[in-house]
J.: 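Right, I'll just put the structure down here and ask away after.
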Amino acid sequence: MKRSLPRRAIDRRGILKGIVGGALVGVGVPMLEAMLDESGTAFADGDPLPTRFGLWFFGNGVRLSSWTPTTQGANWQLPPDGELAALLPLKEYVSVVSGLNVKTPRHPHHSGMSAVCSGGPHLKVDNVRDTIVSTFKYKSVDQFAADHFQATTPSPYRSLEVAVTRFRGTDEGTSFQYLSHNGSQNGETNINPSEESPQAFFDRLFSLGTAAPLVLKARASVLDVVAGQIEALEKRLGNRDKQRLDQHFTSVREIEKRLSAPLAECTKPGPPGDFGDVSGNEQMAEKNKAMSDLLAVALACRLTQSYSVLFSTCGSGVIMWPAGSKDGQHYMNHTEPAPYTKQHESVKFTMGQLAYFLDRLKATPDGAGNLLDQSSILVCTEHAEGWTHSQDDMPMLICGKGGGRLKGNVHFRGTGGTTSRALLTALRGAGLPIGAYGYEAAATAAPIAELENL
Amino acid sequence: MALAAVAGSVSGGCTGELGGSQRPDTPPTTLDPETTATFAPGPATIHRLTAVQLQNSWRALLGQDVAVPPEGALPTDDQAYGFRSIAAAMKTISPVEAEEYEAATYAVLEPIFADGARRDSLMGCAPTTTDDPCVRAYFERFGRLAWRRRLEVEEVDQLVAVTKKVSEYTASFGDALKFGTAAVLQSPNFLFRIEVGEPVGPEEPEREGLLRLTGVELASRITYLLLDAPPSSAILDAAESGLFDDATTVEAGVRMILDSPEGRPALVRFFRDFMNIARLDGLDKNAEQFPAFSQTLGVSMRSEIEKLFEHVVFEEGGDFRSLFTTRSTFVNEELARIYGIEGVTGPDLVPVSLPDDGRRAGLLTTPGFLAMNAHKTATSPTHRGRFVRIGLLCQDVPPPPIGVSTVLPEPEPGKTLTLRQRLEEHRLNDECKSCHQLMDPIGFGFEHFDALGQWREEDNGLPVDVKSDLDGKPFEGAVELADLVAELPEVGACIARRFYQHAVGRLDGKGDRPAVEGLIESFVSNNFDFKELVVSMVVNDGFRYVAVPKESP
């Protein structure tokens, strides 16, 4: 028996208030053997093991001729020196999606970013013709998944966000700085910032529930008053500001709810420490390892069911020194002559970092299998190839077995449909009972059946 | 669909070939060309405090000696259209940020409330129970300073009530007061600067339908603009008694602030955003190619530009144009090395006069400007020109069309070219030309300066060529270009307009046109004195009136 998403729209506040006041608070406890059925694939009451949804983003596109598998269907094969080579040991868990396009109105970087991460258009903020600042018009796909999970099997954290490389844009809006977005109706910016420091991420996760119970009660009382102040203030404001304060209200309630979540079953790892530059080089692999390790623990402990990893931003200027680059990646993309060797090496390196994360999930037991069995992870980037800003034939991966919903090791090549098809498929892989996804020109009701076991 | 229409004009680029947008005869400008006589400001909104404003607000409330978390431990300020102030009017508070605010609030309050003497001094009394009337008096007084308005009776009731409730959980009554105070400081009334406004009275028929900021809202607007700090109790008193309705009084107060040392940092931060030089702090250049590069150099470069601005505005008579022409600047040892100036040692910036050799003058030849608008190994005439075009002239440049390769062709084997020669492709190729002509010719003027801002005679072994033109006006090299820029009416208009945007926390729209034009006129008639621009802004209608927001209660 599977839980199903209620058909009607759910009142966010109603849910949160229900969670705070009700019995759902204890779900943060890791699963004990006793709670599982004999096969280890479901809880004893028949509910399936939770599937985690992940969004893993890297900036600036790929070199398509080396990215795209040479074969279609099961058991994909790579071109010579293929960019997915690092994923070969995990290929049973990795499906490749190619041949899908950005269908929303195009702008370099901005539109690709929103399309592959949210399934909708970017929102240009204010009436400026060219030099635009943008945010996401619709929530990113990790938040869509989080809505579902929190309404059905809530976790202490609605979602977790981490970043690996440190470059952030400053001129172009949230699309170039952040990954996880809550959508914007009127130009307000509503994002979930990614934690950039492994140590800060560690402190945040593993200090939970460590304060004295009476202090937690006092903090909860204060937050309750603050929530009341937000509601009172909203009554004096226009619609746009109400939406901003709605998010503030939700954020405050999130803390309040977590204060009473017991986390004693989590095995606390050692602190990751700092990752300063070595010889002027950003320690990307080391930081990726630390973040991946922490995230695997957080997922095993069921601190959240939805997360995002910003490996590098849209249009990132990260210096891909392991690939021999001395300049920022975005600039390199616009100056490196064919055959774009450094960009190619950068993508190979990046896929190596993804492989580490996936391997870490695979090595983490979960039920009768491992975390990667119980995951559906969308991997994407905002361009096909950076030097032309192309947004056709977008490079996308769907990783994990989705609790048995996803086949793995399939290359599906579309014929120009919307990239939202991959988002829909990844969400279904995480157990969301949806048949359609995406917005405006990017909406679709066509999941990629070739990737699914359903 | 509106968005598709917008995107159509965007992909039209500078030529109008793709999406039907008109090719401008003059460089495009973001200012809406349609004139309107009717003043129609943007809607009332709430502004999230920036990290600096939050720190200063804690200090104002709790004592200047209070230990506040560093900026890095507080929610990040974004920049929108360059300004933190504009992003602040767009931001909400995400779950992780709410956690950060909560942790910071307790970190700030803990040492005060753990120390009986400090707590009593803050409260002005030594209560032992919530029934002590001084508890109520404290929340009324402290709440008014924190929320920058008088609290409603019920609001005070709630703060007293939560303190009482929490006192059942806590070891000491002092601890309970800490939690009660935390309810004031985690409130949206503190973390946001709230502007609701009040309907204009019948004495202003021409403003009918608009809202006027209340006295205390205006007082907050002024102090956060000029000081990044909240109004004091005395200023709130003055605002409540209607003194802020009188422009002469406000002007006098603003001049007092501008003449004091406290009046400088917030305006320097405006200029930091205007120039987008905060990113210099993370400046990264190839160390092998540039031995003069260091991890601290970017911060030094930013400090130089900020000191230069401060010097011109507050010490040298205030004419903004001299920012482009002055040979005064400030260097420390590592900056002196970039300039080739001898005899300066240590990390502190000291005033120097640049030699009169025609190589450098003012802002546009600072290493910070030159290095920031260049790449890690190479210069970028395009980026340097783009900054002048967009950042200093307030004009617009479209992005490259999608599907067109932005990679310059490689020179023929065995042929050596300068970057400028390679950029000829931008002039010859129609797809590139229409937009790059807005940027590259300006940028060629800076080719005597490498990617770190050091003087050079050659690029790639060939002599550099710095003869070019700015919209038809010929110049040779950066100093002549800077002279031209200083005299362009667009430059003065641009900074006035950008200051307007910063002060109101949004881009100016069509309805702001009369207010913006008035501000520009006043700036020009005051000989581009930046301090006078600030004074004019504070008494400008655009600073005092707001529209009713959509779907208001």
Side-chain angles (χ1 to χ4, degrees), chain A residues 105-108 121 124-131 133 158 170-171 173-174 177 187-193 195 204 214 217-218 221-222 225-226 228-230 233 235-241 244-245 247-248 251-252 254-255 280 319 326-328 331 334-337 387-391, chain B residues 3-4 6-7 9-11 28 30 43 45-46 76 78-81 90-99 102 158 162 165-166 169-170 179 182-183 186-189 196 276 279 284 286-287 375-377 390 396-400 402-407 410 507 509 549-553:
Chain A
R106 291 189 184 182
H107 195 287
K124 190 172 84 158
V125 180
D126 282 313
N127 184 27
V128 168
R129 199 190 70 176
D130 296 321
T131 314
V133 165
R158 168 188 162 80
T170 57
D171 298 348
T174 64
Q177 293 172 283
E188 73 278 9
T189 55
N190 190 347
I191 44 86
N192 302 296
E195 184 53 69
R204 181 176 179 222
L214 286 177
K217 278 184 83 170
S221 300
V222 170
V225 171
V226 171
Q229 291 164 351
I230 298 171
L233 178 58
K235 295 196 179 87
R236 306 171 62 207
L237 304 176
N239 198 33
R240 178 173 178 271
D241 287 339
R244 295 164 71 194
L245 286 185
Q247 178 61 56
H248 186 199
S251 301
V252 165
E254 286 274 314
I255 305 179
I319 300 175
K326 292 177 177 175
D327 263 304
Y331 171 66
H334 289 309
T335 50
E336 189 185 24
W387 50 92
T388 58
H389 295 122
S390 60
Q391 295 175 19
Chain B
L3 204 68
V6 166
S9 77
V10 164
S11 64
T30 47
T45 192
I46 61 175
T76 312
D78 292 339
Q79 289 168 260
Y81 298 105
M90 296 158 66
K91 285 182 85 89
T92 171
I93 293 175
S94 68
V96 66
E97 289 170 332
E99 287 178 47
E102 193 203 20
Q158 283 172 357
V162 75
K165 182 176 176 190
V166 166
Y169 311 142
T170 54
F179 284 104
Q186 287 186 78
S187 173
N189 296 300
V196 176
N276 198 6
R279 57 196 168 126
D284 197 1
N286 188 267
H375 301 294
K376 299 204 168 50
T377 55
I390 297 176
D396 213 349
V397 180
I402 287 174
V404 172
S405 175
T406 53
V407 178
E410 285 294 286
L507 294 187
K550 272 185 205 151
E551 295 175 56
S552 289

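Reminder, nothing fancy here: chain letters follow the sequence lines and each chain counts from 1.
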J.: Taking every non-hydrogen pair under 4.5 Å, which of B:V404, B:V166, B:N189, B:I402 racks up the most with chain A?
T.: B:I402
J.: Tell me, with the steps shown, if A:L214 and B:T170 meet side chain to side chain contact (heavy atoms under 4.5 Å, CB included).
T.: CA-CA 7 Å; A:L214 286 177; B:T170 54; over 6 Å; no
J.: Can you tell me how far the CD1 atom of B:I46 sits from the CG atom of A:L237, to the nearest 0.5 Å?
T.: 5.5 Å
J.: Taking A:S251 for the side chain and B:I93 for the main chain, is one N or O donor matched with an acceptor at less than 3.5 Å?
T.: yes
J.: With chain B as the partner, which of A:Q391, A:Q229, A:E188 has the greatest number of non-hydrogen pairs under 4.5 Å?
T.: A:Q229
J.: What residue in A:S390, A:P193, A:G187 has the most heavy-atom pairs under 4.5 Å with chain B?
T.: A:P193
J.: Taking B:K550's backbone N and O only, do any of them form a donor-acceptor pair with A:N239's side chain (distance below 3.5 Å, no angle check)?
T.: no
J.: Under 4.5 Å, counting heavy-atom pairs only, tell me which of B:Q79, B:E97, B:Q186 racks up the most with chain A.
T.: B:Q186
J.: Taking the side chain as C-beta and beyond, is there a heavy-atom pair between A:R240 and B:P549 under 4.5 Å?
T.: no
J.: Calculate, to the nearest 0.5 Å, the distance between atoms OG and CD belonging to B:S94 and A:E254 respectively.
T.: 10.5 Å
J.: What are the two closest heavy atoms between B:V162 and A:S221, and how far apart are they?
T.: CG2-O, 3.7 Å
J.: May I have the step-by-step check of side chain to side chain contact (heavy atoms under 4.5 Å, CB included) for A:R244 and B:T45, ending in yes or no?
T.: CA-CA 11 Å; A:R244 295 164 71 194; B:T45 192; 3.2 Å; yes
J.: Name the region of B:P400, side chain, backbone, both or neither, that has any atom closer than 4.5 Å to a heavy atom of chain A.
T.: both
J.: Looking at A:T335, A:V225, A:L233, A:V252, which one has more heavy-atom pairs under 4.5 Å with chain B than the rest?
T.: A:L233
J.: Under 4.5 Å from any heavy atom of chain B, what part of A:K326 do you find: side chain, backbone, both or neither?
T.: both
J.: Heavy-atom pairs under 4.5 Å with chain A: which of B:M90, B:K91, B:E99 has the most?
T.: B:M90
J.: Can you tell which of B:R279, B:K165, B:H375, B:E102 has the highest number of heavy-atom pairs within less than 4.5 Å of chain A?
T.: B:H375
J.: Looking only at non-hydrogen atoms, find the nearest pair between B:P188 and A:L245 and report the distance.
T.: CB-CD2, 4.0 Å
J.: Give, as side chain, backbone, both or neither, the part of A:Q177 having an atom under 4.5 angstrom from any heavy atom of chain B.
T.: side chain
J.: Which bit of A:I255 comes within less than 4.5 Å of chain B, counting heavy atoms only: side chain, backbone, both or neither?
T.: side chain
J.: Write down the atom of A:W387, the atom of B:V407, and the distance for their closest heavy-atom approach.
T.: CB-CG2, 3.7 Å
J.: Measure the CG-OG1 distance between B:D78 and A:T189 for me, rounded to the nearest 0.5 Å.
T.: 6.0 Å
J.: Counting only heavy atoms closer than 4.5 Å, note whether B:A287 contacts chain A via side chain, backbone, both or neither.
T.: neither
J.: Go through the steps to decide whether B:T406 and A:H389 satisfy the test side chain to side chain contact (heavy atoms under 4.5 Å, CB included), and finish with yes or no.
T.: CA-CA 9 Å; B:T406 53; A:H389 295 122; 4.3 Å; yes
J.: Checking A:D327 against B:T377 for the side chain to side chain donor-acceptor pair (under 3.5 Å) test, could you report, in this order, the C-alpha distance in whole Å, the side-chain angles of both residues, the deciding distance, and whether it holds?
T.: CA-CA 7 Å; A:D327 263 304; B:T377 55; 2.5 Å; yes
